[in-house]
Chemist: 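Sending over a structure as structure tokens; questions will come in a sec.
Numbers restart at 1 for each chain; the letters A, B, ... are given by sequence-line order, proteins then strands.
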Protein chains: 2
Amino acid sequence: MGERAIVYREKNYITKAIADGTAVNIVSMVFGNMGDDCATGVVFTRNPGDGTKQIYGEYLVNAQGEDVVAGVRTGKQVNKLKKEMPDSYKQLAKTCEKLEKYFKEPQDIEFTIEKGKFYLLQTRNAKMNAVSMTKTSVDMVKEKLIDKNRALTRLQAEHLEQLLHKTLDQKAIKNYTQIVKGIDASPGAASGIAIFDVKKATAMGENGVKVILIREETKPEDVPAFFESAGILTSRGGKTSHAAVVARGMGKPCIVGCSDMKINYDKKTATANGKTINEGDAITIDGSSGNVYFGEIPTIEPKITQDFKTILDWAQKSKKIGIRANADTPEAAILARQYGAQGIGLCRTERMFNGRDRIGLFVDMIMAKTIQDRKKVLKKLGQLQKSDFIEILKTMEGYTVTIRLLDPPLHEFLPNPEELAEKIHKLEKNKKTKELEATKIIFNRARELAEINPMMGHRGVRVGVTYPEIYEMQIRAVFEAAAFLAKKKVKAHPQIMIPQVSSIAELNHIKKIYDDIKEEIEKKYKMKITINFGTMIEVVRAALTADELTETAEFFSFGTNDLTQATFSFSREDAESKFLPEYLKKDLLERNPFQSIDVNGVGSLIELGITKGRGVKPNLEIGICGEHGGDPSSIKFCHGANISYVSASPHRIPIAIVAAAQAAIELSKTKSKQ
Amino acid sequence: MGERAIVYREKNYITKAIADGTAVNIVSMVFGNMGDDCATGVVFTRNPGDGTKQIYGEYLVNAQGEDVVAGVRTGKQVNKLKKEMPDSYKQLAKTCEKLEKYFKEPQDIEFTIEKGKFYLLQTRNAKMNAVSMTKTSVDMVKEKLIDKNRALTRLQAEHLEQLLHKTLDQKAIKNYTQIVKGIDASPGAASGIAIFDVKKATAMGENGVKVILIREETKPEDVPAFFESAGILTSRGGKTSHAAVVARGMGKPCIVGCSDMKINYDKKTATANGKTINEGDAITIDGSSGNVYFGEIPTIEPKITQDFKTILDWAQKSKKIGIRANADTPEAAILARQYGAQGIGLCRTERMFNGRDRIGLFVDMIMAKTIQDRKKVLKKLGQLQKSDFIEILKTMEGYTVTIRLLDPPLHEFLPNPEELAEKIHKLEKNKKTKELEATKIIFNRARELAEINPMMGHRGVRVGVTYPEIYEMQIRAVFEAAAFLAKKKVKAHPQIMIPQVSSIAELNHIKKIYDDIKEEIEKKYKMKITINFGTMIEVVRAALTADELTETAEFFSFGTNDLTQATFSFSREDAESKFLPEYLKKDLLERNPFQSIDVNGVGSLIELGITKGRGVKPNLEIGICGEHGGDPSSIKFCHGANISYVSASPHRIPIAIVAAAQAAIELSKTKSKQ
């Protein structure tokens, strides 16, 4: 990566840099093994483990470079060289200082002492871990070696990820058996006992047992198990499927799309590469690498150091684009604020129906045969939603909270028709008539709602159109919460966002409902309530007709997951486990478009939507709230496209803040060059 | 619709037109019932049933208008008025001539004779059926009453549809019980006995029995039954689902999305609205209205009259845009040529795998465990494909035939996993071990291939990338066929089109395969073979990056079905049966976007693709080949967007030709007004 090497024999000879870092002695070969007045060593100018400003490394007397590097003989700590060859050590120290000043980066140096004379063989930028990267950033600024911009741009996203999640002790891994590899969906390492049943995982987790939940895929009703498990492993799905998104939102380690793994729910086993995980086996998953192992591998705790906080502070001041959080619960909101989020860009309301006290009610609502029955249940749900909103708005006092009305297709809240069919067969066998009848009713409703292409069917605003009472309940709950908090003088700033909108006609249809409720609530409480009404731009047609949408939308939020899916005609849940890896391998795609915004395709559509929207309303607030909100290269694109803010899951906020600063710094550099 | 009425009392009084066609006597009321020198009548200036130029209608002596219209007394044939009141008849005849000259349309007149004096009460354009519309068009041009352009623009698409398909005898319908209503997917009426099993339908059809095949949905392997049945009825699906598209391509009456109908395959019944169809019951389906009836309702045969052929001739000369056909078989190609198609815009290759001698081979190909096994089967399939191509290219000699490589997801060729699961349970019960094992193997493969959102998953070029041997086989078969025909001096013009392309990288990937095979075949036969290589534009990203695609694509074809689906995030198979009807009812959509191109959304994306494509290659041939190709308002859009040709199923070709002429005429009128 452009590491430069200088062979510096004596002050007078400075030879040209060579790109691949190999040592070149233009004068002649030097030898560190011609006697005891010779030595070879490898050092870092600063400690690569924790960033301390000290020369750190090893040397061997009477040896060549390979001996040190290969570890054939155990080297001596370099501070001993101070006593053993004091003059050479002085030169080494001076060289370290000169090189750092020149490269403005801690260096990884190889040197040889031939008959008392010091030779520098090779130098390159030192590879550092997260802790040392952040410390050296802060130190070098203090030393005035680099400025804050350079400090911010030398960090990589991976460095920051290490700081925020538990990682596996790399030295210990080799003692454990790797079972299989899947898609790294949510970073962090976790160990626990393998459990295949959702209810069992929840119960055991509540009892303090560390559980790794293993499923083919997950559904909204499984979310309580997410809370109670240490980690989640699925055989299907991709980086933006249900399990991945929920786990990332919670900061829970998760591996998905583990297609080599075959699960047998009856036998309670998972088999891959000739190895079998039985229920109860201790396993470890590493959500950062996608690897699954037998046993409990030791982990290293995340370290939020003071240096890290300093970096974040600098980044907040350097960045231009806003950073908000995708957060559905007060706990997530608190964490988001701690990390520096300036609002909630996406508060999904469906999660509120997944709590174990709720999901039954929601199922009743779906199963209801008449509007009246449905409205009765909705009234109860409305009370629960109102208190949810009050909680999260209180937590985010002073900041905007963008609330998205119900998005998933209704059938997602019911059990899977295939599983129900199996259950029905079993009940028929065991002649359990009452339960059989009840299950058949749910099965029929599930089949009725089931769709061939569910992610593109009856969901979002389309559900709001055919079941307006559901959106009414939600909108009313937001207004009621706002009124409640206004009376308590709490500065709440909710706004409402409609998902899956494809036309201004749809948006206006829901706006009517909103207007009626606004009027009703303002009259009831005798106060004006400001709740902005906006739209997701996640359907291609919404981007194409964004100018029309501004007639009613007071803000836009690009749902980049769905927009990417629709632009590529890639089902997100299928692509990542079926053909995306092959596409990346064959260079048919530069990067995973679900991870980093596809600039040429999806990006151009986003820019089209922004141009059309701001062409009518120049000050239109435009954000993005897909998973891309936490991805550095996507944030760079968003900065360049003049997007107002990105919204990321809480655990990605620090990365997003630094990436936003990097984007601002890099783009201003480009501008000044022009 | 702007019918004008004039009240013409005497030559001297011409009163203003009134838009809704009501009679106004500004001077005073006239009475036809003041004695036997009074009469009232209703006539057409030409026969509305067959278009003959004769005054056609009834009159009653000593009666008012309502009496005639309500049919209280039976009226006398108007030719009798000639004898009974000769002077009044003379005036009537003169009036008819004057009115036709004025309105340039056959008229529907109401008149009264009060005490021997003739009064015109009301006139409006006559409502005519298809036969009379075409005849009067041709006659009025001969009479120099209207010009050819006017003749072409007065026709509506519905008129032409009547001419091309069997229709129900409207007078007879009231004697039959309507069972249920579904979505009119393919026009035409058909009667037959209700059969629920695909194989049974095929066998009975082969034995000459008229069958209506009733299924929840259909798959490629059911296509032989389509050929053998009189009509198809499905409870699921929409206007662009499998059953609809295949049926329309064959011109076979078809109703889909009949969601009120519940099918029980075990009991062999279909129940709707309290009525039950049992297997073997005689039923009638009307694919033009979506209605299903008990019994065999008499039908009226389609009439391709000489007048119709004259109209088509004029239209061919007036239109600008090209008209090609979607045709997969030589029979369809012959029909397309008969109707005037100027090439095949879409030859789907998957249908070639659906013949009963083929589908087994194709399943073997999907089930093959190794590349070698797959290649063995592919070699056999390649021979069959080659002969298919030879046949269809021969039939379309002199015209371009655009061949689309394999498009559907592989699992579509296998039985449905749910059905297989049921079958497995039954075999387990009956302990049929051998068949059970075989079925389990297919079930596992089907499950493996099954996807959550199949229409957006592993299909089209993506299958070509992961199974290149399939596309190799197909490309080789096209080149071999071309070489064979070249040797026989047959002027074949095949071109190859890649489906589901989302990026230039994908297209280039397949182009490499194409280039190698081209080189191989040209060397083998020592001749140059020209087969243009182009791409479908049916993925949104392809339209957004159309400029990049022109690097390799020699032509574009917009797949408007899939593009509409992706732009709206409406699954075509689900939307039409779940929420589209409600959307149309609630005015959330002006029209069904799967029937008529959504101009604001999908249309703007198509225009973007055209601009980008022709920005690089100004003479790029661009067509569309979705169902929209046969829709008049879509054809109008295409004409305005400078699309080179539209491609429609053979039975829509005449409508498309006339619609194209109408678009050219209307748009030149608009231009001359500017």
Chemist: Taking side chain as everything from C-beta outward and backbone as N, CA, C, O, which of these in B/T466 sits under 4.5 Å from a heavy atom of chain A? Side chain, backbone, both or neither.
Modeler: both
Chemist: Which atoms of B/V501 come close to chain A, meaning under 4.5 Å heavy atom to heavy atom: side chain ones, backbone ones, both, or neither?
Modeler: neither
Chemist: What part of B/E506 gets within 4.5 angstrom of chain A, counting heavy atoms only: side chain, backbone, both, or neither?
Modeler: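 When you check distances to chain A, atoms from both the backbone and side chain of B/E506 fall under 4.5 Å.
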Chemist: Considering only heavy atoms and a distance below 4.5 Å, find which of B/H425, B/E548, B/E422, B/H509 pairs most often with chain A.
Modeler: B/H425
Chemist: For chain B, find which of A/L589, A/L544, A/I504 contributes the most heavy-atom pairs closer than 4.5 angstrom.
Modeler: A/L544
Chemist: Looking only at heavy atoms, which two atoms of A/S503 and A/R541 are closest? And how far apart?
Modeler: CB-NH1, 3.5 Å
Chemist: Of the non-hydrogen atoms in B/T545 and A/N600, which two are nearest, and what is the gap between them?
Modeler: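 Scanning both residues, the minimum pair turns out to be CG2-O, 3.8 Å.
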Chemist: Who are the side-chain hydrogen bond (donor to acceptor under 3.5 Å, both in side chains) partners of A/D407, not counting sequence neighbours?
Modeler: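 Checked A/D407 against side-chain hydrogen bond (donor to acceptor under 3.5 Å, both in side chains); matches are A/R459, A/Q500.
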Chemist: Take the angle between the ring planes of B/F570 and B/Y583 and call it parallel below 30°, perpendicular above 60°, tilted in between.
Modeler: perpendicular
Chemist: Who wins among B/V463, B/V465, B/L605 for the most heavy-atom pairs under 4.5 Å with chain A?
Modeler: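 So the answer, after comparing B/V463, B/V465, B/L605, is B/V465.
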Chemist: Mind listing the closest non-hydrogen atom pair of B/G613 and B/A546 along with its distance?
Modeler: N-CB, 4.1 Å
Chemist: Can you say whether B/T567 sits under 4.5 Å from chain A via the side chain, the backbone, both, or neither, judging by heavy atoms?
Modeler: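 For B/T567, the contact with chain A is made by backbone and side chain together.
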Chemist: What part of B/D598 gets closer than 4.5 Å to chain A, counting heavy atoms only: side chain, backbone, both or neither?
Modeler: side chain
Chemist: For a quick test of reading the model, state the closest non-hydrogen atom pair linking A/A243 to A/V256 and the distance between them.
Modeler: CB-CG1, 4.2 Å
